[in-house]
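Below: the structure, in structure tokens.
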Amino acid sequence: SWIQRNLSEENSYNWSRMLEVLSFLGKMGCSDRQLGELIGQHPDILFEASGERTFSIIGFLLKFGSRMSQVYSLFLQFPRIQVMKFGLNLRKCFFFLNEIGMKVPGIGKIIRSHPLLLGSCALKKTNTLLLHLNIGKKSLCRYIQENPQELKHWVLGRRLRPLDWGNNLRSKTEKAKFLLDIGFVENSNKMKEALNEFQGNGWELQERFDCIVEAGFDHEEVCQMVKVSPRILSQSKDVIEMKIDFLVNHLCYPLSTLLIFPKYLTYGTKRVQHRVLMYNWLKDHGTDPTYALSTVVSCSDVYFLRKFVNHHPSGPQVWEDLKSKIYSKQ
Ligand SMILES: *[C@@H]1O[C@H](CO)[C@@H](O)[C@H](O)[C@H]1NC(C)=O
Ligand SMILES: CC(=O)N[C@H]1CO[C@H](CO)[C@@H](O)[C@@H]1O
């Protein structure tokens with residue numbers, strides 16, 4: 001009955017192709033369950049033109065040298081956008097890159113590494129972009145190769161600003177704009193500190209900020225975290241995601257720990273792991289009252305040894321054992 005509800009009486013369907021789509025996705029690596037979830041969320045992968053759109057996206061990606069595993073991972077993360085629209089966007093990006101004179105290997109590289117991004121961007125027309133970004137084709141090519149993420153700002157409905165590429169000022173203003181957006185006060189000391197603290201340009205900061213939001217916070221909460229501890233945004237998105245995963249899935253602290261202790265994200269995972277494992281061991285072997293993660297992680301080694309480790313006769317030995325185990329790992 002689900003299928004019936006998703007079929008339209010005005011269309012005819014090619015069931016043999018729909019079957020091919022299912023078995024192709026299956027061969028690519030989708031388990032039945034993943035397949036069910038995928039089609040459940042995106043019925044049009046199967047039904048739109050009886051799967052022809054899906055095949056045309058897959059064909060497009062393979063033509064540019066994507067590996068099957070990359071295609072597979074794209075479908076697992078397929079964005080909330082119609083399959084047909086996704087395919088059109090991909091093609092439009094290709095035409096745009098071609099029109100500004102990017103060579104095929106360069107285009108292939110961008111398509112292979114950013115299919116999700118390209119498929120989600122409804123780019124403006126090439127002439128409009130060249131005009132408003134105020135940049136030549138050659139420079140634009142290089143700019144995109146170095147900053148492919150920028151493409152997502154050049155979509156229909158967004159206002160364009162001229163690219164003063166190579167101009168440091170721009171990256172400074174972008175950073176400043178980002179900080180003002182998240183609630184810093186213009187010309188305040190905090191703002192100056194944060195500006196100096198941040199490595200990365202405007203969109204990178206935004207991307208890092210967003211990935212914390214996506215972990216399960218609301219915008220305001222993340223603004224607050226960044227104000228308390230600006231340095232958390234000086235790390236790449238991958239590192240931030242890894243640290244959050246580590247906190248929640250390995251150390252088994254609730255995500256909300258970050259609200260009280262955002263600075264956690266600035267510590268190396270080895271240090272955190274060493275401290276937490278030691279602290280847990282002491283808890284299992286002694287009577288220490290419960291300390292917050294912030295206390296356990298932030299204090300100096302000397303203080304930690306004095307306050308926690310040395311209270312148990314075997315503490316120092318366990319501390320050393322953990323240290324060699326954790327720090328010898330890659
Ligand atoms: C239905 O799909 C199959 C497999 O892709 C194809 O060979 C066949 O020509 C299609 N039939 C029609 C009527 O389009
Ligand atoms: C495109 C379409 O009609 N999708 C429908 C498929 O069935 C689910 C469940 O009934 C509906 O929510 C979708 O709107």
Side-chain angles (χ1 to χ4, degrees), residues 1-126 129 144-145 148-149 151-158 214:
S1 66
W2 179 84
I3 288 177
Q4 204 172 21
R5 276 192 308 252
N6 276 272
L7 296 179
S8 147
E9 282 188 31
E10 282 140 38
N11 295 338
S12 62
Y13 292 86
N14 183 336
W15 291 88
S16 97
R17 188 160 54 225
M18 280 156 57
L19 187 59
E20 276 177 7
V21 169
L22 290 177
S23 71
F24 191 88
L25 292 172
K27 274 194 214 126
M28 222 159 53
C30 277
S31 64
D32 285 354
R33 192 160 148 235
Q34 285 171 325
L35 208 49
E37 272 171 20
L38 177 64
I39 305 292
Q41 280 163 12
H42 302 281
D44 54 343
I45 285 183
L46 190 59
F47 299 123
E48 177 71 39
S50 308
E52 194 178 311
R53 305 279 177 260
T54 303
F55 274 140
S56 99
I57 292 172
I58 296 175
F60 182 90
L61 295 172
L62 295 179
K63 212 178 266 181
F64 283 98
S66 302
R67 277 173 288 120
M68 211 53 121
S69 59
Q70 290 171 316
V71 177
Y72 172 56
S73 109
L74 167 71
F75 276 93
L76 290 189
Q77 315 168 53
F78 207 84
R80 277 175 208 278
I81 175 172
Q82 285 181 331
V83 176
M84 184 154 86
K85 187 87 188 107
F86 189 91
L88 284 176
N89 287 346
L90 264 184
R91 245 161 261 275
K92 233 161 129 183
C93 287
F94 164 72
F95 285 126
F96 163 68
L97 296 175
N98 189 40
E99 271 174 344
I100 61 171
M102 194 179 286
K103 301 274 186 300
V104 173
I107 297 182
K109 186 161 174 233
I110 292 183
I111 291 179
R112 287 194 301 278
S113 359
H114 302 282
L116 256 175
L117 171 77
L118 301 192
S120 313
C121 288
L123 279 189
K124 290 183 198 279
K125 287 213 173 74
T126 308
L129 287 171
I144 294 171
Q145 279 166 326
Q149 302 283 350
L151 285 168
K152 71 169 173 249
H153 301 307
W154 302 344
V155 295
L156 295 172
R158 278 264 204 140
E214 273 159 30

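Quantities reported herein were computed from a predicted structural model and do not represent experimental measurements.
Judged by distance alone, with hydrogens and angles left aside, the side-chain atoms of Gln77 form a donor-acceptor pair with the main-chain N or O of Ser73 at under 3.5 Å.
Pairs passing the side-chain hydrogen bond (donor to acceptor under 3.5 Å, both in side chains) check and including a residue from residues 44-53, sequence neighbours excluded, read Arg17-Glu52. Within the structure, ring pair (Phe, Tyr, Trp, His ring centres under 6.0 Å) contacts touching residues 7-26 (residues at least two apart or in different chains) are Phe24-Phe55.
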Side-chain donor-acceptor distances from residues 87-97 under 3.5 Å, at least two apart:
from, atom 1, to, atom 2, distance (Å)
Asn89, ND2, Gly119, O, 2.8
Arg91, NH2, Ser56, OG, 3.3
Lys92, NZ, Leu123, O, 3.4

Residues 98-115, side-chain donor-acceptor partners within the protein, below 3.5 Å, at least two apart:
from, atom 1, to, atom 2, distance (Å)
Glu99, OE1, Thr126, OG1, 2.3
Arg112, NH1, Phe64, O, 2.9
Ser113, OG, Lys109, O, 2.4

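In this structure, Leu35 and Cys30 approach most closely via the heavy-atom pair CD1-CB, 4.0 Å. Listed here is the closest heavy atom pair of Met68 and Leu62: SD-CD2, 4.2 Å. Tyr72 approaches Gly29 most closely through the heavy-atom pair OH-O, 3.2 Å. The shortest heavy-atom contact between Cys121 and Lys152 is SG-CA, 3.5 Å.
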For this session: Go through Trp2 and Ile39 one step at a time and tell me if the side chain to side chain contact (heavy atoms under 4.5 Å, CB included) criterion holds.
Result: CA-CA 11 Å; Trp2 179 84; Ile39 305 292; 3.7 Å; yes
For this session: Give the intermediate values and the outcome of side chain to side chain contact (heavy atoms under 4.5 Å, CB included) for residues Leu116 and Leu74.
Result: CA-CA 7 Å; Leu116 256 175; Leu74 167 71; 3.7 Å; yes
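Screening Thr54, Leu19, Asn6, Leu22 for a side-chain contact (heavy atoms from CB on, under 4.5 Å) involving Leu46 leaves a single residue, Leu22.
With values rounded to the nearest 0.5 angstrom, Ile57 atom CD1 is found 5.5 Å from Phe75 atom CZ.
Using cut-offs of 30° and 60° on the angle between ring planes, the pair His42 and Phe78 is perpendicular.
With sequence neighbours left out, Ser8 forms a side chain to side chain donor-acceptor pair (under 3.5 Å) with no residue at all. With sequence neighbours excluded, no residue forms a side-chain contact (heavy atoms from CB on, under 4.5 Å) with Arg80.
Applying the 6.0 Å contact sphere to CG of Asn11 captures more than 12 heavy atoms from other residues, nucleotides or ligands.
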